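If you're wondering where the values come from, they're calculated on a predicted model, not measured in any experiment. The chains referred to below are lettered A, B, ... by the order of the sequence lines, with proteins before strands, and numbering in each begins at 1.
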Protein chains: 2
Amino acid sequence: MQKKTRNTTAKQEILKLIANAGQALSHVEIQQQLNNLCDRVTIYRVLNRLVEEQKIHKIVNTDGVVNYAACHDCEHHHHNDNHVHFSCTICKSVTCLDNIIPTFQLPADYLMQEMNFMIAGICPNCKA
Amino acid sequence: MQKKTRNTTAKQEILKLIANAGQALSHVEIQQQLNNLCDRVTIYRVLNRLVEEQKIHKIVNTDGVVNYAACHDCEHHHHNDNHVHFSCTICKSVTCLDNIIPTFQLPADYLMQEMNFMIAGICPNCKA
DNA sequence: TTATTTAATGCAACTTAGTTGCAAATATAA
DNA sequence: TTATATTTGCAACTAAGTTGCATTAAATAA
């Protein structure tokens, strides 16, 4: 029997933040913007729940820091982070390049469950 | 003026370990296999040096854990981790799929410096 | 509306990963 | 063999994330 999940204030606010962000947010950024709405442990737990419920994506940066982004195409397509993520080494922003989907051929004897395509470099804003 | 780097015992042993491993190793795994040859801080520092010297690759797993692998094609090609890495969710092994190189088109206004392509799933060994 | 139940929260304490400063040790070149 | 600059060990620290447990608060039933 599956555990029922609740629509709490913390969850609503965190999801709203991520959905309106335009770029992926780290735990620290979310905590700062929440302005003491809830404990930092709660943020961790809410983020994990949202990932499980497939409402947000978890993106691991090239330095190991985790960021979270809203799901855009997951209504239509399968929930899978199959596009490229870009991490700017100057302004530190992490964004989803939703349209850039790499093609590759995984050997048949491998089973794919999850993918994380991360590119670090300089974003258009900082390059200009 | 560039700092001259030394060929110390710790560096030799760590590079040997990684080169002979057949799979990517984490800091913890390296520390265990080194059997108190040196301090854990030294391992961190040696690993960073080896990455800077482009003797090994740094691979970030889907859970944020960092692994290190020997460079195979970097003699001939540019030093760039442009192939797919595979992380088995069962046996926890991290391997380089040297031949699987994704193709994608990054918009011209982005500048790429580094990439990390990670796929998590079940490896041939564990699937069998 | 109130009572019941179970998920979610807050807090404190903890683990794990990695970093820093500094004195001592050691590889390299002269 | 000596000089010098890199590397190491140690202790202490930061940052990221987890866990246990008592309390709070959604959601549902009465």
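Between the side chain of Arg40(A) and the base of dG10(C), no donor-acceptor pair under 3.5 Å is found.
When each of dT18(D), dT9(C), dG17(D) is scored by its nearest atom to the side-chain atoms of Ala10(A), the top-ranked nucleotide is dT9(C). Each of dC10(D), dG18(C), dA16(D) was ranked by its minimum atom distance to the side chain of Asp39(B); first place goes to dC10(D). Nearest to the side-chain atoms of Arg6(A) among the listed nucleotides dA27(D), dT8(D), dT18(D) stands dA27(D).
Ring centroids of Phe117(B) and Phe86(B) are separated by 6.0 Å or more, keeping the two rings apart.
For the OP1/OP2 pair of dG9(D) and a distance below 4.0 Å, the side-chain nitrogens and oxygens of Thr42(B) include at least one atom meeting the criterion. Between Thr5(A) and dA8(C) there is a side-chain polar atom (N or O) within less than 4.0 angstrom of OP1 or OP2. Between Thr8(B) and the phosphate of dT7(D), there is no side-chain N or O to OP1/OP2 separation shorter than 4.0 Å. Of the side-chain N and O atoms in Arg49(A), one or more sit less than 4.0 angstrom from OP1 or OP2 of dA8(C).
Leu37(A) comes within 4.0 angstrom of sugar-phosphate atoms only, judged by non-hydrogen atoms across all strands, and of no base. Among the heavy atoms of the strands lying under 4.0 Å from Val28(B) are primed sugar atoms or P, OP1, OP2 only; no base atom is included. Counting non-hydrogen atoms under 4.0 angstrom, Val46(A) reaches the backbone sugars and phosphates but no base.
The closest donor-acceptor contact from the side chain of Glu53(B) to the backbone of Leu50(B) lies at 3.5 Å or more, if one exists at all. Judged by distance alone, the side chain of Gln113(A) and the main-chain N or O of Ile122(B) form no donor-acceptor pair under 3.5 Å.
Between the side chains of Thr5(B) and Lys11(B), at least one donor N or O lies within less than 3.5 Å of an accepting N or O.
Atom-to-atom, CG of Asn67(A) to P of dA16(D) comes out at 11 Å; the value is rounded to the nearest Å. As rounded to whole Å, 10 Å separates atom C1' of dG18(C) from atom NZ of Lys58(B).
Leu25(B) and Val51(B) end up in the same hydrophobic cluster when Ile, Leu, Val, Met, Phe, Trp and Tyr side chains are linked at under 4.5 Å.
Comparing Arg45(A) and His27(A) by the nucleotide of DNA chain D whose heavy atom lies nearest to each, the residue mapping closer to the 5' end is His27(A).
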